[in-house]
Structures are given as C-alpha cells and as structure tokens.
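Numbers for residues simply follow the sequence, beginning at 1. Whatever order the structure lists them in is the order used to number ligands and atoms, beginning at 1.
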Amino acid sequence: MAKVVCVLYDDPVDGYPTSYARDDLPTVKDYPDGQTLPSPKAIDFKPGTLLGSVSGELGLRKYLESLGHELIVTSSKDGPDSELEKHLHDAEVIISQPFWPAYLTADRIARAPKLKLALTAGIGSDHVDLQAAIEHNVTVAEVTYSNSHSVAEHVVMMILALVRNYIPAYKWVIKGGWNIADCVERSYDLEGMHVGTVAAGRIGLRVMRMLKPFDVHLHYTDRQRLPLSVEEELNLTWHPTREELYSACDVITLNCPLHPETEHMINDKTLKLFKRGAYLINTARGKLCDRDAIVRALESGQLAGYAGDVWFPQPAPQDHPWRTMPYHGMTPHMSGTSLSAQARYAAGTREILECYFEGRPIRDEYLIVKGGALAGTGARSYSKGNATGGSEEAAKFKKIK
Ligand code: NDP
C-alpha cells in the first residue's frame, strides 16, 4: 500500500469554515479548446467548500483509505524539521499546490527513493526540480486548465486596479477621507492602451479575449504563433520576441511557465525596454522577475505599477520587499485557488490518482514529466533543467495570526 503525502496551506486563522458566502457554484461544462473537465469516477466532497487547506484534504481521505493507502496531510513543508522531510523516505506520491509549494529539490528527490508521482493540484510544476524528476524517473503531473480562467479573471482585475488606481482610492475610504485629487492623480482609463501578454496559452489567450471589449490594442508573443483566425478575431499584434513586445505596450501581463528559459526574464536590462510608466502584472511565477529590479523600477517611475500574486519563495518572508514597494497591488498566491477552482483541481487530482492506482494512463495534457523525459504539456511548454533553486529560504516565513 502506498504512502501519499499531501502538502496543503493552513486552515483560516478562525478555523475551518462551517458556512459559506454562497450556496453553490455555477456550472462550467467544458473548456473552450474542447478539453473535458476533470472526470474522476467519483468525488467525496461538496463543490464550493474549502478543499485546498489542511482540513479540506482535497476531499481525498475516504477514497485513499478505502483502498488501504496511507494519507498524510500537512502544511509543514520547509526546513529540516518539517513534516514533509519526515515522510520523504517512504512517500510514493507527493501532492502539492503551487500556492503553498512543497519544493521538491534535487536533494529531496534523492532522499525519496520510493517517490513515483509528484502531483500538482493546480497548474505550474516549477516547484519540482524537473531535471531531477527526469533523472529519477518520477512522473510529474498537474491539472491542466483547472484554474486558468480563475487566474485570467484575477489578471483583468489587477490591470484595472492598477490603471484606475483602485487600491489607494479604497484606502482613502477606510481612512475616512474624500480626497478625490489624491485618488485620481494616478488614475487613467484602460481604453486605448496597448496591452500585451508574454505567452498566449490558456491564461494569456483568455485574458486577451476578456480585454477585447475594453477597446484596447492587444499584443502577444509566444514560442508558437496562434492560428491566423484567432489573431484576426482579436486583432492581435504578434511580436516574435519578448523584447519587441515590451517596448510596444502600456500594460504587460506575464503568462508563461517558469523554467530555465524564462527565469528572471524581467530584469534591470529588460525593464529599460519598457515604456516609462508601464504596468506589469505577473500571476505566473515570482521568479520570472528579478525581485530587486522590480522595486528599483517602481521607485524610479520606470514602472507605474506592479501587481500579481506570485512570489519567490512562497510563503514570502515578512521582509520581502514586494510587500512594501510603492504602487503595488500584490496579494498572496490566491488567484488559482478560488473555491470554484478548488472544486476542479481537487476532482482532477482524484482523476490522476485513480489512473495511477489503477494502472491506467494519465491524460497526456496533465503530464509534465514521464518515463525520464518531459512529456505531454511539459514537452510543449517547459524546457529541461531546474528552476527551484533558492527555495530553502521559504523556511524563514513566520505565520501571523
Ligand atoms: P499553458 O500551458 O496553457 O500556457 C503556457 C504558455 O506559455 C504556452 O503557450 C507556452 O508556449 C508559453 N511559453 C512557454 N515558454 C515560453 C517562453 N519562453 N516564451 C513565451 N512563451 C512561452 O498554461 P496556462 O496558461 O494555464 O498557465 C501558464 C502559467 O501560469 C503556469 O505555468 C503557471 O506558472 C501560472 N499559473 C498561475 C496560477 C496562479 O494561481 N497564480 C494558476 C495557474 C497557472 P508553447 O506551448 O506554445 O510552447
């Protein structure tokens, strides 16, 4: 029987919810490209409940224990004394969410001789050293598409929040003020601006589609060009390089995975190519950007705003400069873990586990690494190598109540 270790974020500080703001979730039938939603044989949770925190257990306990497997659920993931470390030696499956990533470094993978499956409940498996997974024949899978639309909605929200100066204006209300001039001295309309995405995959393309009615000029760059019909439908300007896109846009949103090719692609040098006063939105991965270069660009005015929900490491230490830099709209990593998204990726996690334990193939679109090579979505969207370096720093985080 297998040991399954599931690393999830902590329950709310006031305890696991006993009631919710809404009674149900809207029905989503399929994804736009025809991919079907997760289809496990059964689920043991109520969609719309909190599944991503420790007590939610991704709704997996009944299923796994009914098969005789052992399920360990913990939020303790960083540092040598963490719960995760204690179970590495005999874990066969490690499940983790990108919001609270169990960093599976080469060292940890080497100390997990029984590990067969690293399962990302969500999208983005950069917290696993993919090169080490390739070398140790560990399968890496994620629930492709499960939260892409959730993130795209967050991106649109953040673009509007920055351009319209929403967060400082909201703060004036809380402070008891009516300071219109203070609210609007950095407030603009999005209409007419040039908005570009680095990567037009599931999230990037969705963002472009949602922004079209704002009468903006849409730009993109990607490793592969979109079909001409899509370019024409959205009136997209294609840029063969990221650098060309940077200089053409007022608003730039990053929507590519983190892998050796994209790590620190936004740095002092590339920020110089941006228009002065550009806005940068990054809900993809913190390490796409050089942390201190972002702070410098905001302080100098080269960037007018930066927003996103992804940091490095996660959780971000209390003294992470993105918490206090000017003109930011950061949140903790939450865009892909709305209650709506959780229902989809918990079902996808169950589907992948059912396939694994029944010896059935995992859907190709869920695969990142298999059989000692990048596979499926991984072969298309990632590059070989390791982008998890430096994750030991996550142990510095101290929880606040
Ligand atoms: P997709 O796989 O649909 O899209 C990724 C796109 O990135 C693909 O079109 C891929 O190109 C492109 N790409 C890869 N490398 C490069 C590169 N070097 N330059 C330009 N484009 C590149 O994934 P999603 O859109 O669903 O998700 C994208 C990323 O967003 C995830 O990898 C994850 O890091 C992040 N994410 C964040 C979440 C959050 O909660 N904040 C939740 C979900 C995802 P091609 O395939 O053509 O090679």
Side-chain angles (χ1 to χ4, degrees), residues 9 31-33 35 52 96-101 120-128 130 140 142-158 196-210 219-227 230 238-246 252-266 270 281-289 307-312 314 330-338 340-342 344-345 348 364-368 374-385 387-388:
Y9 47 77
Y31 300 122
D33 68 353
Q35 185 186 314
S96 168
Q97 299 169 111
F99 325 103
W100 187 257
T120 303
I123 303 173
S125 297
D126 49 275
H127 57 280
V128 181
L130 298 183
V140 182
E142 59 186 47
V143 192
T144 304
Y145 231 143
S146 58
N147 55 13
S148 302
H149 289 183
S150 322
V151 178
E153 289 185 9
H154 211 80
V155 172
V156 173
M157 173 184 82
M158 287 184 150
T197 178
V198 176
R202 295 170 182 85
I203 297 174
L205 183 57
R206 178 75 168 181
V207 169
M208 296 291 105
R209 282 196 197 288
M210 291 198 289
H219 301 246
Y220 83 101
T221 183
D222 198 298
R223 295 203 297 198
Q224 303 188 46
R225 203 161 165 174
L226 290 164
V230 177
W238 147 260
H239 296 272
T241 65
R242 301 193 286 251
E243 289 70 23
E244 283 174 62
L245 176 122
Y246 298 153
I252 291 160
T253 154
L254 308 180
N255 298 298
C256 56
L258 169 65
H259 53 108
E261 218 177 89
T262 57
E263 185 169 355
H264 290 156
M265 67 186 195
I266 306 289
T270 53
I281 285 76
N282 177 14
T283 53
R285 283 297 176 262
K287 264 215 260 183
L288 296 179
C289 299
D309 68 332
V310 285
W311 308 65
F312 188 80
Q314 290 187 177
M330 297 298 296
T331 63
H333 194 164
M334 61 169 282
S335 64
T337 184
S338 58
S340 322
Q342 288 175 41
R344 287 189 295 273
Y345 68 69
D364 202 48
E365 64 255 33
Y366 288 169
L367 288 174
I368 303 300
L374 292 171
T377 293
R380 190 185 146 99
S381 292
Y382 285 77
S383 57
K384 279 190 200 166
T388 59

* To do: Answer with yes or no whether the side chains of Tyr345 and Gln97 bring together a donor and an acceptor at under 3.5 Å.
  =>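 The criterion, which ignores hydrogens and geometry beyond distance, is satisfied for Tyr345 and Gln97.
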* Asked: Do Arg206 and Asn255 have side-chain heavy atoms sitting under 4.5 Å apart?
  ->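 No, every pair of side-chain atoms sits at 4.5 Å or beyond.
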* To do: Give me the ring orientation class for Tyr382 and His259: parallel if the planes are under 30° apart, tilted from 30 to 60°, perpendicular past 60°.
  => tilted
* So Trp238 and Tyr220, would you call those rings parallel, tilted or perpendicular, with 30° and 60° as cut-offs? ->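 Judged by the thresholds at 30° and 60°, the geometry between Trp238 and Tyr220 is tilted.
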* Run through ligand 1 for me and note each protein residue having a heavy atom under 4.0 Å from it, chain first, then residue number. =>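 Protein residues near ligand 1 are Phe99, Ile123, Asn147, Ser148, Val151, Ala199, Gly201, Arg202, Ile203, Asp222, Arg223, Gln224, Arg242, Asn255, Cys256, Pro257, His259, Glu261, Thr262, Thr283, Ala284, Arg285, Asp309, Val310, His333, Ser335, Gly336, Arg380, Ser381.
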* Structure fact -> Taken in chain and number order and not counting sequence neighbours, the residues that satisfy side chain to side chain contact (heavy atoms under 4.5 Å, CB included) with Pro98 are Thr120, Arg285, His333
* Asked: Ala284 and Cys256: which non-hydrogen atoms are nearest, and at how many Å?
  ->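 Closest pair (atom of Ala284, atom of Cys256, distance): CB-O, 3.4 Å.
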